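Just so you know, these numbers use all the heavy atoms, side chains as well, and skip hydrogens, waters and symmetry mates. Since the structure is predicted, the reported quantities are computational estimates derived from the model, not experimental observations.
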Amino acid sequence: QVQLVESGGGSVQAGGSLRLSCAASRSPYSTLCMAWFRQAPGKEREGLASIFTRDGVGAVNNTRYADSVKGRFTVSKDNAKNTLSLQMNSLKPEDTGIYYCAVRVNCLSASLSRYVYAYWGQGTQVTVSS
C-alpha cells in the first residue's frame, strides 16, 4: 500500500505559477512511476506529467509530459523525502481543475494513462482566473 497526500493548490491569475507537492508514504518498492493528473469539471481525468525512477545500479529517471503542459510544467521527485512535485508556470484558465498524484509500482516506464496507476491521492483544487 502507498498513501498519497497532495498540497499546494489554490487560486492564481493567468500567467502565474503554483507548485504542487505529493507526499508518499514510505514505499518498499525500488521501481516507481509517479504522475500528476488533472480533472476539469465535466471532463475525464487526464495525465499531465509522469516520472519513472529506479534506484540502485543502473538508476533511471525519466519523465513524460502531455503536450498541453510541455514547457510550462516540470515534474520532479525527491527520493530522500519521497515527495513528488509539479512546478506549474504560465498558468492558463484551462489549467483549472482538481489535480491528483498517482503511483504505480514495479513499472517499466513513465506513463500518462490513468488506467495503470493503482494508488491515488485525494486531489487538490487549482483555479486559474483570466
Side-chain angles (χ1 to χ4, degrees):
Q1 285 284 348
V2 180
Q3 296 178 329
L4 305 168
V5 179
E6 301 101 335
S7 61
S11 297
V12 65
Q13 289 192 328
S17 298
L18 281 175
R19 185 177 181 88
L20 305 183
S21 294
C22 174
S25 61
R26 189 171 185 86
S27 169
Y29 305 103
S30 62
T31 304
L32 279 181
C33 290
M34 300 185 75
W36 287 99
F37 287 77
R38 176 176 66 209
Q39 188 160 20
K43 294 189 176 181
E44 293 187 349
R45 192 170 299 187
E46 62 171 328
L48 302 178
S50 65
I51 184 166
F52 165 53
T53 60
R54 185 176 66 210
D55 299 332
V57 177
V60 174
N61 187 332
N62 63 50
T63 57
R64 178 174 291 184
Y65 294 92
D67 289 343
S68 60
V69 304
K70 203 172 294 183
R72 300 188 298 123
F73 291 10
T74 302
V75 63
S76 59
K77 185 173 181 286
D78 184 331
N79 289 328
K81 297 181 179 179
N82 235 20
T83 300
L84 181 74
S85 296
L86 185 69
Q87 177 66 42
M88 306 186 293
N89 299 327
S90 302
L91 283 162
K92 306 174 182 179
E94 51 263 43
D95 292 319
T96 295
I98 300 175
Y99 284 65
Y100 299 89
C101 69
V103 165
R104 179 189 183 194
V105 300
N106 298 326
C107 58
L108 298 176
S109 64
S111 174
L112 296 178
S113 171
R114 67 182 187 271
Y115 300 108
V116 304
Y117 289 89
Y119 304 102
W120 294 83
Q122 82 288 352
T124 185
Q125 176 71 44
V126 171
T127 303
V128 184
S129 57
S130 57

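- A salt bridge does not link Lys92 with Asp95: none of the charged nitrogens is closer than 4.0 Å to a carboxylate oxygen.
- With contacts defined as side-chain heavy-atom distances shorter than 4.5 Å, the pair Val126/Met88 qualifies.
- For Tyr65 against Thr74, the heavy-atom pair with the smallest separation is OH-CA, 3.4 Å.
- Considering only residues two or more places apart in sequence or on other chains, Arg114 meets the side-chain hydrogen bond (donor to acceptor under 3.5 Å, both in side chains) condition with none of them.
- Applying the side-chain hydrogen bond (donor to acceptor under 3.5 Å, both in side chains) rule to Asn62 yields no partners; only residues at least two apart in sequence or on another chain are considered.
- Using a 4.5 Å cut-off between side-chain heavy atoms of Ile, Leu, Val, Met, Phe, Trp and Tyr, Val116 falls into a hydrophobic cluster with Phe37, Ile98, Tyr100, Tyr117, Trp120.
- Applying the side-chain hydrogen bond (donor to acceptor under 3.5 Å, both in side chains) criterion to Gln39, with sequence neighbours excluded, gives Arg45.
- For the residue pair Ala110 and Thr63, the shortest heavy atom distance occurs at CB-C, 4.4 Å.
- The nearest pair of heavy atoms linking Leu84 to Cys101 is CD2-CB, 4.2 Å.
- Every residue two or more places apart in sequence or in another chain that forms a side-chain hydrogen bond (donor to acceptor under 3.5 Å, both in side chains) with Thr127 is listed here: Gln125.
- With a 4.5 Å cut-off between side-chain heavy atoms of Ile, Leu, Val, Met, Phe, Trp and Tyr, the cluster of Val5 takes in none.
- Under a hydrophobic clustering in which Ile, Leu, Val, Met, Phe, Trp and Tyr are joined whenever their side-chain heavy atoms come within less than 4.5 Å, directly or via other members, Leu112 and Ile51 fall into different clusters.
- Of all heavy-atom pairs spanning Ser17 and Asn89, the tightest one is OG-OD1, 2.9 Å.
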